[in-house]
Amino acid sequence: MVDSLKKPSFEELRPGIKVPAKETILTPRFYTTDFEEMAQMDLSLNEDELQALLEEFRIDYNRHHFVRDAEFEQSWDHIDGETRKMFVEFLERSCTAEFSGFLLYKELSRKLKDRHPLLAEGFGLMARDEARHAGFLNKALSDFNLSLDLGFLTKSRKYTFFKPKFIFYATYLSEKIGYWRYITIFHHLDQHPEDRLYPIFKFFDNWCQDENRHGDFFDAVMRAQPQFLNDWRAKLWCRFFLLSVFATMYLNDIQRSGFYESLGLNTREFEYEVIEKTNETAGRVFPVILNVQHPDFYKRLEICVENNQKLSNIAAQQGSKIVKTLRKVPYYVSNGWQLLRLYTIAPIDMVSSHGKVR
Ligand SMILES: [Fe+2]
Ligand SMILES: [Fe+2]
């Protein structure tokens, strides 16, 4: 009993292979796209920048970065109870997100190989990086006596179809938010080494530079396709993607505040920082960004946090499925309403600042 409290048990597919976390609206997504449309994309408008970024990818700065050092070679049983559970969840989520990037980029590079060499090479080199990231995280999971069966994940997950334009908005933002998340954790632990409970975090500095370069590649692709960025639809979609990425991260992380607090971070401060920075960065390429300083912005997200708490309380209670579903409806409606109101907060126009400071 005491042991099970100290070492939370996870459902296993086979001994040591964790059952993947249930897919919800908040779990990392797997994507597929229209390869034909991608193959026909003319990127000549920004070819020089894209070639320069490819050259950076080829240099492969992190070729020797992801090597586990002696510090990993010890028992991690002292990370126990809730903290252990949250560590495992963090590693699993991160591994799944990195792996979903790998799958998408790999598939794109395979399908475009003979038809669009520039994109094919870019995706191939980014897939290389994501495979390293996912592998490193999966190895970290094994320090907690678990791992993910990535082959099983490939076959069992649902894939969301996005047209290329939306793939670029989504991957651009997930790379940039990934960069800001990793670098913010790294800087915090660099200043508070006593909170660095596990060595993986010291790898986050060079690691996040990979994500930053990936984001820059998508930035350059979007600039080569100005119709992705310069009409009223682009403005509406950019707002939509910014809001979905920020709200998903906020709701996920606040639910798991314990993880960030175990590293000595204040979760909400961490969220404000990452959202602020990602929003600012996105403003270099997106025609609009969100007004995250608006007094309603975090107020409404907090209402969603409360709603989600109530939803999980209901889910955990006894009772018939129908009754539980009926009790959940008002909270789903409220979440939808909050997100709609968040979407309608006037955005900040960035077009006038483009081309001035980059
Ligand atoms: Fe990555
Ligand atoms: Fe990446």
Side-chain angles (χ1 to χ4, degrees), residues 27-33 38 50 52-68 89-110 112 118-141 147-148 150 153-154 157 160 162 164 166-186 199-222 241 245 248-249 252-253 274 277-278 281-282 284-285:
T27 46
R29 247 163 235 291
F30 284 39
Y31 295 105
T32 181
T33 189
M38 204 64 101
L50 282 159
L53 287 162
L54 273 189
E55 190 46 42
E56 291 246 304
F57 286 169
R58 289 186 202 117
I59 295 171
D60 196 0
Y61 297 102
N62 283 338
R63 181 190 303 251
H64 304 296
H65 181 62
F66 295 95
V67 180
R68 283 164 60 93
E89 279 177 11
F90 172 79
L91 293 172
E92 174 178 5
R93 282 190 70 79
S94 310
C95 180
T96 310
E98 297 280 10
F99 185 66
S100 91
F102 162 76
L103 280 182
L104 174 69
Y105 301 163
K106 189 75 201 168
E107 187 64 2
L108 276 160
S109 98
R110 214 171 56 81
L112 300 174
L118 186 152
L119 272 183
E121 187 181 3
F123 281 120
L125 293 169
M126 290 191 288
R128 166 201 72 196
D129 296 340
E130 305 301 13
R132 265 179 207 152
H133 303 166
F136 203 66
L137 284 155
N138 211 9
K139 193 83 189 93
L141 269 172
S147 67
L148 288 178
L150 299 176
L153 214 57
T154 310
R157 286 290 294 252
T160 306
F162 270 177
F166 302 128
I167 287 281
F168 290 121
Y169 296 148
T171 50
Y172 167 76
L173 279 178
S174 79
E175 297 291 355
K176 289 295 182 185
I177 208 167
Y179 165 75
W180 284 111
R181 288 173 62 81
Y182 286 150
I183 194 79
T184 308
I185 295 176
F186 178 80
I200 201 163
F201 305 110
K202 71 181 177 193
F203 289 77
F204 277 13
D205 58 343
N206 292 5
W207 183 330
C208 76
Q209 297 306 332
D210 281 343
E211 313 304 7
N212 203 25
R213 282 186 286 268
H214 299 169
D216 288 344
F217 187 76
F218 293 126
D219 172 315
V221 170
M222 289 189 283
F241 277 93
V245 167
T248 309
M249 177 180 79
N252 263 316
D253 289 350
V274 171
K277 287 294 198 327
T278 310
T281 305
R284 296 191 219 150
V285 60

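In what follows, every heavy atom counts, from backbone to side chain, and hydrogens, waters and symmetry copies are set aside. For ligands, and for the atoms within them, numbers begin at 1 and follow the listed sequence.
- When the N, O or S atoms of Glu130 are ranked by distance to the Fe ion (ligand 1), OE1 comes first.
- Distance OG1/Thr281 to CG/Asp219: 10.0 Å, rounded to 0.5 Å.
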For Phe241 and Phe162: C-alpha separation, side-chain torsions, deciding distance, then whether ring pair (Phe, Tyr, Trp, His ring centres under 6.0 Å) applies. CA-CA 12 Å; Phe241 277 93; Phe162 270 177; 5.8 Å; yes

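- Here His133 meets the criterion, with an N, O or S atom under 2.8 Å of the Fe ion (ligand 1).
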Run the side-chain contact (heavy atoms from CB on, under 4.5 Å) test on Arg181 and Phe204 for me, step by step, so that the C-alpha distance in whole Å, both residues' side-chain angles and the decisive distance to 0.1 Å come before the verdict. CA-CA 9 Å; Arg181 288 173 62 81; Phe204 277 13; over 6 Å; no

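- With 2.8 Å as the limit, Glu211 counts as an N, O or S neighbour of the Fe ion (ligand 1).
- Judged by distance alone, with hydrogens and angles left aside, the side-chain atoms of Asn62 form no donor-acceptor pair with the main-chain N or O of Asp129 at under 3.5 Å.
- His214 has its closest N, O or S atom to the Fe ion (ligand 2) at the position named ND1.
- At distances below 3.5 Å, not a single donor-acceptor pair connects side-chain atoms of Ser147 with backbone N or O atoms of Asn138.
- The distance from the Fe ion (ligand 1) to the nearest N/O/S atom of Glu175 is not under 2.8 Å.
- The Fe ion (ligand 1) has no N, O or S atom of Asp210 under 2.8 Å away, backbone or side chain.
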Worked check of side-chain contact (heavy atoms from CB on, under 4.5 Å) between Val221 and Leu119: CA-CA 9 Å; Val221 170; Leu119 272 183; 4.2 Å; yes

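- With respect to the Fe ion (ligand 1), Glu98 has OE1 as its nearest N, O or S atom.
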